[in-house]
*Asks:* 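The structure follows.
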Amino acid sequence: MEKKKIVFLYTELATYFLACVEELQKHPALEIHIVRWNVNAEAPFNFSFSSDIFIYNRTDYNDTELTLLIAEIDPSVIYSSGWTDKGYLRVCKRHKKKVPVILGFDNQWKGTLKQYIACLVSPFRILNHFSYCWVPGEPQKRYALKLGFKNENILTGFYCCDYNFFNMQYERNRAFKEMDFPKRFLYVGRYVEHKGIRDLWQAFLELQEESPNGWELWCLGAGDIPKIKHPKIMHFGFVQPGDLADYIRNTGVFILPSHFEPWGVVVHEYVSAGFPVICTGEVGASTAFVQNNLNGYIYSAGNIKELKEVLLKIMNKDNVHLIKMSNESVRKAKVITPQIWAKQIISLL
């Protein structure tokens, strides 16, 4: 039986995307091809690929060569990350009348001048290249509708974490944390301004001065912002996803203080691992995975006072309440898994 071929025209790969691709691989009638951009130096993930997946580096092909490559593959469906790569657009336009061609993006609808202009030119620059749109969640779906995609042609849930790995950590650590919930906050992300990490450090330090307590803050990541020095703030640098297990076991509450975060798959990762979550309203993933006073808290980005208030609420909770929040996180995490993700793209074949 001839296999159906799925082509992903991707930007920067991430391990969570590959976890979904691995789920697709379980279907013997499918053949997967991925064109990718170079690895981001600020997030130097090590990738391992199955020999059954065909990988192509975007830098090895000019636009014409890329068009010829995809024509030779003869795909049954094409997915493209965004509309900035002109070579990707060229491929999509060429194939739109033959097979389903899917646009993906994570931009939230903010009603900016740039977005209104995109809506005006969409019939000539976007809709004539793509037949479907696959976005992370509701903040992006609103934008897709504004661009002119019909509701029935918009899929959600494109960003999905490596659910099996993170949920396995929850199961492994459940009894351990029920006995003695770790009094440690966890930040995982780049050390850059828009992630709000300076806000987190300031709020945490002010609380330690105003009402000293046993909580610590563990930070995993790298970037341009110098590491603050304090005995209760630990820095571990960039950690490969496969090496996260010990950090997950020994921390309790996840924080993402971003001023700007179109989605934030990391939120899905840590609710899957059973973490209560504190994040800002700018984090797109909060719309799917965080509910105030149930499994976490959502505060206004950049508001140190609000951040201190929610940190203190967590610090004042006992083990029983923290475990209850943990279990609610796991329940919310199940709305999107690699299995659900794979079914969505297969439905278009």
*Asks:* Answer whether the closest heavy-atom distance between the side chains of Y187 and L200 falls below 4.5 Å.
*Replies:*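 Contact flag for Y187/L200 side chains = yes.
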
*Asks:* Using only heavy-atom distances, determine whether the side chains of N292 and Y299 contain a donor-acceptor pair under 3.5 Å.
*Replies:*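 Checked: N292/Y299 side chains show no N/O donor-acceptor pair below 3.5 Å.
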
*Asks:* Can you see whether D106 engages Y159 through a side-chain donor-acceptor pair at a distance of less than 3.5 angstrom?
*Replies:* yes

*Asks:* Following the transitive rule for hydrophobic clusters with a side-chain heavy-atom cut-off under 4.5 Å over Ile, Leu, Val, Met, Phe, Trp and Tyr, establish whether V239 and V253 coincide in one cluster.
*Replies:* yes

*Asks:* State whether the number of non-hydrogen atoms from other residues, nucleotides or ligands found under 6.0 Å of F260 atom CZ is greater than 12.
*Replies:*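 Atom CZ in F260 is not crowded, with 12 or fewer foreign heavy atoms closer than 6.0 Å.
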
*Asks:* Answer yes or no: is there a side-chain heavy-atom contact under 4.5 Å between F254 and V266?
*Replies:* yes

*Asks:* Compare all side-chain heavy atoms of I323 with those of N327 and state whether any distance is below 4.5 angstrom.
*Replies:* yes

*Asks:* Less than 4.5 Å apart, side chain to side chain, heavy atoms only: is that true for F105 and P262?
*Replies:* no

*Asks:* Examine the side chains of E31 and H33 and answer whether a donor and an acceptor come within less than 3.5 Å of each other.
*Replies:* yes

*Asks:* Tell me if the aromatic rings of W215 and F185 count as close, with their centers under 6.0 Å from one another.
*Replies:*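 Close enough - the centres of the two rings lie under 6.0 Å apart.
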
*Asks:* Find the distance between CG (D224) and CZ (R190) and round it off to the nearest 0.5 Å.
*Replies:* 9.5 Å

*Asks:* Salt bridge (Lys or Arg N to Asp or Glu O under 4.0 Å): which pairs involve residues 259-268, sequence neighbours left out?
*Replies:* K195-E261

*Asks:* Working to the nearest 0.5 Å, report the span between OG of S76 and CD1 of I346.
*Replies:* 12.0 Å

*Asks:* Go through the side-chain N and O atoms of Q115 and K110 and say whether any donor and acceptor fall under 3.5 Å apart.
*Replies:*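 The criterion, which ignores hydrogens and geometry beyond distance, is not satisfied for K110 and Q115.
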
*Asks:* Find the distance between CG (D199) and CD1 (I255) and round it off to the nearest 0.5 Å.
*Replies:* 11.5 Å

*Asks:* Where do D74 and K4 land on the salt bridge (charged side-chain N to carboxylate O under 4.0 Å, His left out) test, with the steps shown first?
*Replies:* CA-CA 9 Å; D74 190 23; K4 291 186 179 293; over 6 Å; no

*Asks:* If I take atom CG from residue L312 and atom CG from residue L207, how far apart are they, to the nearest 0.5 angstrom?
*Replies:* 5.5 Å

*Asks:* Please say whether the positively charged group of R36, taken as NZ for Lys or CZ for Arg, lies over the ring of Y56, i.e. under 6.0 angstrom from the six-membered ring centre and within 45 degrees of the axis.
*Replies:* no

*Asks:* Is there a donor-acceptor pair closer than 3.5 Å between any side-chain N or O of K177 and the backbone N or O of T251?
*Replies:*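 The answer is yes, because a donor-acceptor pair under 3.5 Å joins these two groups.
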
*Asks:* Could you tell me whether E328 and K324 make a salt bridge, using a distance below 4.0 angstrom between a side-chain N and a carboxylate O?
*Replies:*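 Salt bridge flag = no for K324 with E328.
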
*Asks:* Would you say T67's side chain and D63's backbone share a donor-acceptor pair under 3.5 angstrom?
*Replies:*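 Confirmed, T67 side chain pairs with D63 backbone.
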
*Asks:* Does NZ belonging to K334 count more than 12 external heavy atoms closer than 6.0 Å?
*Replies:*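 No, the 6.0 Å shell around NZ holds no more than 12 heavy atoms from other groups.
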
*Asks:* For the CD atom on E152, are there more than 12 heavy atoms of other groups (residues, nucleotides or ligands in this structure) within a distance under 6.0 Å?
*Replies:*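 Enclosed: over 12 neighbouring heavy atoms sit under 6.0 Å from CD of E152.
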
*Asks:* What pair of heavy atoms forms the shortest contact from P257 to I197, and how long is it?
*Replies:* CG-N, 4.2 Å

*Asks:* Counting the benzene-type ring for Trp, do F275 and Y270 have ring centres under 6.0 Å apart?
*Replies:*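 When the ring centroids of F275 and Y270 are compared, they turn out to be within the sub-6.0 Å range.
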
*Asks:* Looking at side-chain heavy atoms only, is the closest gap between I53 and I34 below 4.5 Å?
*Replies:*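 Counting from C-beta outward, I53 and I34 do come under 4.5 Å.
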
*Asks:* Write down the atom of L311, the atom of A203, and the distance for their closest heavy-atom approach.
*Replies:*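 Taking L311 first and A203 second, the nearest heavy atoms are CD1-CB, 3.9 Å.
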
*Asks:* Side chains of T337 and Q339: is there a donor and an acceptor less than 3.5 Å apart?
*Replies:*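 Yes, a side-chain donor-acceptor pair sits under 3.5 Å.
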
*Asks:* Going by the ring pair (Phe, Tyr, Trp, His ring centres under 6.0 Å) test, which pairs reach into residues 312-349, not counting sequence neighbours?
*Replies:* W134-W341, F158-W341

*Asks:* Test side chain to side chain contact (heavy atoms under 4.5 Å, CB included) on L145 and W109 and set out the steps.
*Replies:* CA-CA 10 Å; L145 289 168; W109 172 253; over 6 Å; no

*Asks:* With side-chain hydrogen bond (donor to acceptor under 3.5 Å, both in side chains) as the criterion, how do E306 and S300 come out once you've worked through the C-alpha distance, each side chain's angles and the decisive distance to 0.1 Å?
*Replies:* CA-CA 7 Å; E306 283 188 24; S300 303; 3.2 Å; yes

*Asks:* State, without any angle test, whether N213 and K232 hold a side-chain donor-acceptor pair at a distance under 3.5 Å.
*Replies:* no

*Asks:* How many angstroms lie between OG in S286 and CD1 in I278, if you round to the nearest 0.5 Å?
*Replies:* 13.5 Å

*Asks:* Report the C-alpha separation of F8 and F17 in whole Å, then their side-chain angles, then the decisive distance to 0.1 Å, and conclude whether the ring pair (Phe, Tyr, Trp, His ring centres under 6.0 Å) test is met.
*Replies:* CA-CA 11 Å; F8 292 96; F17 168 69; 5.2 Å; yes

*Asks:* Treating S81 as the side-chain partner and Y10 as the backbone partner, does any N or O pair qualify as donor plus acceptor under 3.5 Å?
*Replies:*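 The answer is no, because no donor-acceptor pair under 3.5 Å joins these two groups.
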
*Asks:* Salt-bridge test for E206 and K308: reply yes if a basic N is under 4.0 Å from a carboxylate O, no otherwise.
*Replies:*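 A salt bridge is present here (some side-chain N lies under 4.0 Å from a carboxylate O).
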
*Asks:* Under the salt bridge (charged side-chain N to carboxylate O under 4.0 Å, His left out) rule, collect the residues that match up with K114, sequence neighbours excluded.
*Replies:*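 Partners of K114 under the salt bridge (charged side-chain N to carboxylate O under 4.0 Å, His left out) test: none.
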
*Asks:* In Å and rounded to the nearest 0.5 Å, what is the CG to OG1 distance from L69 to T64?
*Replies:*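 Rounded to the nearest 0.5 Å, the CG-OG1 separation comes out at 12.5 Å.
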
*Asks:* Counting only heavy atoms not in R94 (residues, nucleotides, ligands), do more than 12 fall under 6.0 Å from its CZ?
*Replies:*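 Counting neighbours around CZ of R94, 12 or fewer heavy atoms of other residues, nucleotides or ligands fall under 6.0 Å, so no.
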
*Asks:* Would a hydrophobic clustering, with Ile, Leu, Val, Met, Phe, Trp and Tyr connected at side-chain separations under 4.5 Å, put L349 with I102?
*Replies:*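 L349 and I102: one cluster.
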
*Asks:* Do you know the tightest heavy-atom contact between H259 and A301?
*Replies:*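 The answer is CA-CB, 4.0 Å.
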
*Asks:* For residues C92 and L9, determine if any side-chain heavy atom of one lies less than 4.5 Å from a side-chain heavy atom of the other.
*Replies:* yes

*Asks:* Going by atom types only, do D85 and W37 share a side-chain donor-acceptor pair under 3.5 Å?
*Replies:* yes

*Asks:* Are L68 and I55 linked, directly or through intermediate hydrophobic residues, by side-chain heavy-atom contacts shorter than 4.5 Å (ILVMFWY only)?
*Replies:*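 Different hydrophobic clusters.
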
*Asks:* Let me check something: do I314 and V330 share a hydrophobic cluster, defined by ILVMFWY side-chain heavy atoms less than 4.5 Å apart, either directly or through other members?
*Replies:* no

*Asks:* Is it true that R142 and E138 make a salt bridge, defined as a side-chain N closer than 4.0 Å to a carboxylate O?
*Replies:*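 No, this pair does not count.
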
*Asks:* Carefully, step by step, assess V101 and H129 under the rule side chain to side chain contact (heavy atoms under 4.5 Å, CB included).
*Replies:* CA-CA 8 Å; V101 180; H129 290 74; over 6 Å; no

*Asks:* Hey, mind stepping through E309 and K305 against salt bridge (charged side-chain N to carboxylate O under 4.0 Å, His left out) and telling me if it holds?
*Replies:* CA-CA 6 Å; E309 289 172 354; K305 181 176 179 292; 2.8 Å; yes

*Asks:* Please step through side chain to side chain contact (heavy atoms under 4.5 Å, CB included) for the pair F204 and I233, ending with a clear verdict.
*Replies:* CA-CA 9 Å; F204 182 81; I233 300 180; 3.9 Å; yes

*Asks:* Could you check whether the rings of Y143 and W83 sit parallel, tilted or perpendicular, using 30° and 60° as the cut-offs?
*Replies:* perpendicular

*Asks:* Are F181 and Y170 connected into the same hydrophobic cluster when the rule is that any two of I, L, V, M, F, W, Y join if their side-chain heavy atoms are below 4.5 Å apart?
*Replies:*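 Unlinked, Y170 and F181 end up in two clusters.
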
*Asks:* With a 3.5 Å cut-off and no angle check, do the side chains of Y16 and H268 form a donor-acceptor pair?
*Replies:*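 The criterion, which ignores hydrogens and geometry beyond distance, is not satisfied for H268 and Y16.
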
*Asks:* Salt bridge (charged side-chain N to carboxylate O under 4.0 Å, His left out), that's the test. Do E216 and K183 meet it? Break it down for me.
*Replies:* CA-CA 7 Å; E216 295 179 353; K183 303 301 189 292; over 6 Å; no

*Asks:* Between Q169 (side chain only) and F165 (backbone N and O only), is there a donor and an acceptor less than 3.5 Å apart?
*Replies:*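 Judged by distance alone, yes, a pair lies under 3.5 Å.
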
*Asks:* Quick one: does Q108's side chain have a donor or acceptor within less than 3.5 Å of a partner on E282's backbone?
*Replies:*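 Here the side-chain-to-backbone pair exists.
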
